[in-house]
Amino acid sequence: MSRSEPSTNLPVPYRSPWRALGEDLRAVAATLRLGLQELWRRNGQGDLPRPALWPRDLAPLFWPLLLVVALAALLLMGLGLGQRLDDSASGLAKPESLVPPAEIPLEIPATRATADPADAPQEPRSEAPAPETPEPEPNAPAATTAETSSEAAAAAPGPTVPPDPLAELLASPAAAGLLRTASAEPASAGLQLVLAEDFLDLPGAEQQRRADAWLQLALGLGYEHLQLRDAHGALMGREAVVGGGMILLSPAERN
């Protein structure tokens with residue numbers, strides 16, 4: 001009995017496309033191999049085109065040398081491009097130099113040095129004997145003694161009261177009517193300034209310069225932190241945690 005082939009509904013026998021692709025690739029590889037062998041044979045025989053000035057005896061060396069030169073040029077171009085990319089990346093990685101903001105010249109009160117008597121250098125006391133006070137004559141009237149004591153009391157200077165540093169800050173040229181009140185927080189060594197409405201009318205750059213100037217003045221008065229608030233108590237600026245200067249908050253960031 002003859003064995004019948006399995007029936008199929010396809011019009012032609014099925015052929016796997018992957019098998020066909022493999023056969024085509026093998027055919028392409030064989031064709032390339034034959035082409036390279038032909039080029040190698042023709043180059044060895046000197047049949048390939050070459051410049052007229054090239055010696056005929058060195059004809060088999062022309063195309064290999066040209067191929068080596070081309071590969072070397074491509075390699076050098078790749079190295080140069082990689083070096084330029086590295087230089088560009090290193091240039092972008094360097095942080096930009098920070099330009100300090102222009103500061104408004106401020107006049108720190110000179111009386112600050114006399115506000116703390118303990119910090120003032122003490123002058124050595126001389127051991128000179130105190131001058132002897134002449135005894136009043138017994139016959140001198142009492143009115144003369146009273147007049148002398150009153151004149152001495154008037155001539156003697158009274159104790160000087162050091163001015164308030166916060167009051168001088170409000171009266172300084174840096175404020176210029178832009179500050180309403182200033183309050184200190186001794187527990188946190190901070191200073192809080194309440195800004196006037198005229199501060200919001202200044203340009204952004206001028207606001208930044210004023211805020212940085214107030215920070216420098218606050219540091220000169222011995223405070224470590226500075227906050228700027230408006231009349232309603234909303235925070236408008238504070239000192240930078242990293243770096244220096246003040247950070248002014250936008251209207252959306254104010255609380």
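One distance of note links CZ of Arg50 with CG of Leu58; it measures 9.5 Å at 0.5 Å rounding. Taking CZ of Phe199 as the start and CD of Gln207 as the end, the distance is 4.5 Å to the nearest 0.5 Å. Here Ile247 contributes atom CD1 and Leu235 contributes atom CG; the two are 10.5 Å apart, rounded to the nearest 0.5 Å. Rounding to the nearest 0.5 Å gives a distance of 9.0 Å between CG of Leu228 and CG of Leu249.
At most 12 heavy atoms of other shown residues, nucleotides or ligands fall within 6.0 angstrom of atom CZ in Arg180. Summarising the local packing, CZ of Arg41 is surrounded by more than 12 heavy atoms from other residues, nucleotides or ligands at distances under 6.0 Å. Counting heavy atoms of neighbouring residues, nucleotides and ligands inside a 6.0 Å radius, atom CD of Glu197 does not exceed 12 of them.
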Extract all donor-acceptor atom pairs below 3.5 Å that involve side chains of residues 186-195 and protein atoms in other chains or at least two apart in sequence.
from: Ser188; atom 1: OG; to: Glu185; atom 2: OE1; distance (Å): 3.3
from: Gln192; atom 1: NE2; to: Glu185; atom 2: OE2; distance (Å): 3.4

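Nearest heavy atoms, Trp214 versus Leu179: CH2-CD2, 3.6 Å. Residues Leu226 and Ala211 share a closest heavy-atom pair of CD2-O, 4.4 Å. Considering every non-hydrogen atom in both Leu178 and Leu202, the closest pair reads CD1-CD1, 3.6 Å.
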Stepwise side chain to side chain contact (heavy atoms under 4.5 Å, CB included) check, Glu239 with Leu219
CA-CA 11 Å; Glu239 78 280 357; Leu219 295 177; over 6 Å; no
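A side-chain contact (heavy atoms from CB on, under 4.5 Å) with Trp63 is found for exactly one of Leu39, Leu48, Val68, namely Leu48.
Looking at Gln208, its side chain does come within 3.5 Å of a backbone N or O of Met246 through a donor-acceptor pair.
Residues Asp212 and Gln216 bring no donor and acceptor atom of their side chains to less than 3.5 Å of each other.
Checked against side-chain hydrogen bond (donor to acceptor under 3.5 Å, both in side chains), Thr181 has no partners two or more places apart in sequence or in another chain. Here Arg15 pairs with Glu23 under the salt bridge (Lys or Arg N to Asp or Glu O under 4.0 Å) rule; sequence neighbours left out. Glu38 is linked by a salt bridge (Lys or Arg N to Asp or Glu O under 4.0 Å) to nothing, counting only residues two or more places apart in sequence or in another chain.
Side chains of Val28 and Thr31 form no contact here, defined as non-hydrogen atoms less than 4.5 Å apart.
The hydrophobic clustering, which links ILVMFWY residues whose side-chain heavy atoms are closer than 4.5 Å, places Val69 and Leu76 apart.
For residues 58-83, there are no salt bridge (Lys or Arg N to Asp or Glu O under 4.0 Å) pairs, not counting sequence neighbours. Screening residues 20-57 for ring pair (Phe, Tyr, Trp, His ring centres under 6.0 Å), with sequence neighbours left out, gives Trp54-Phe62.
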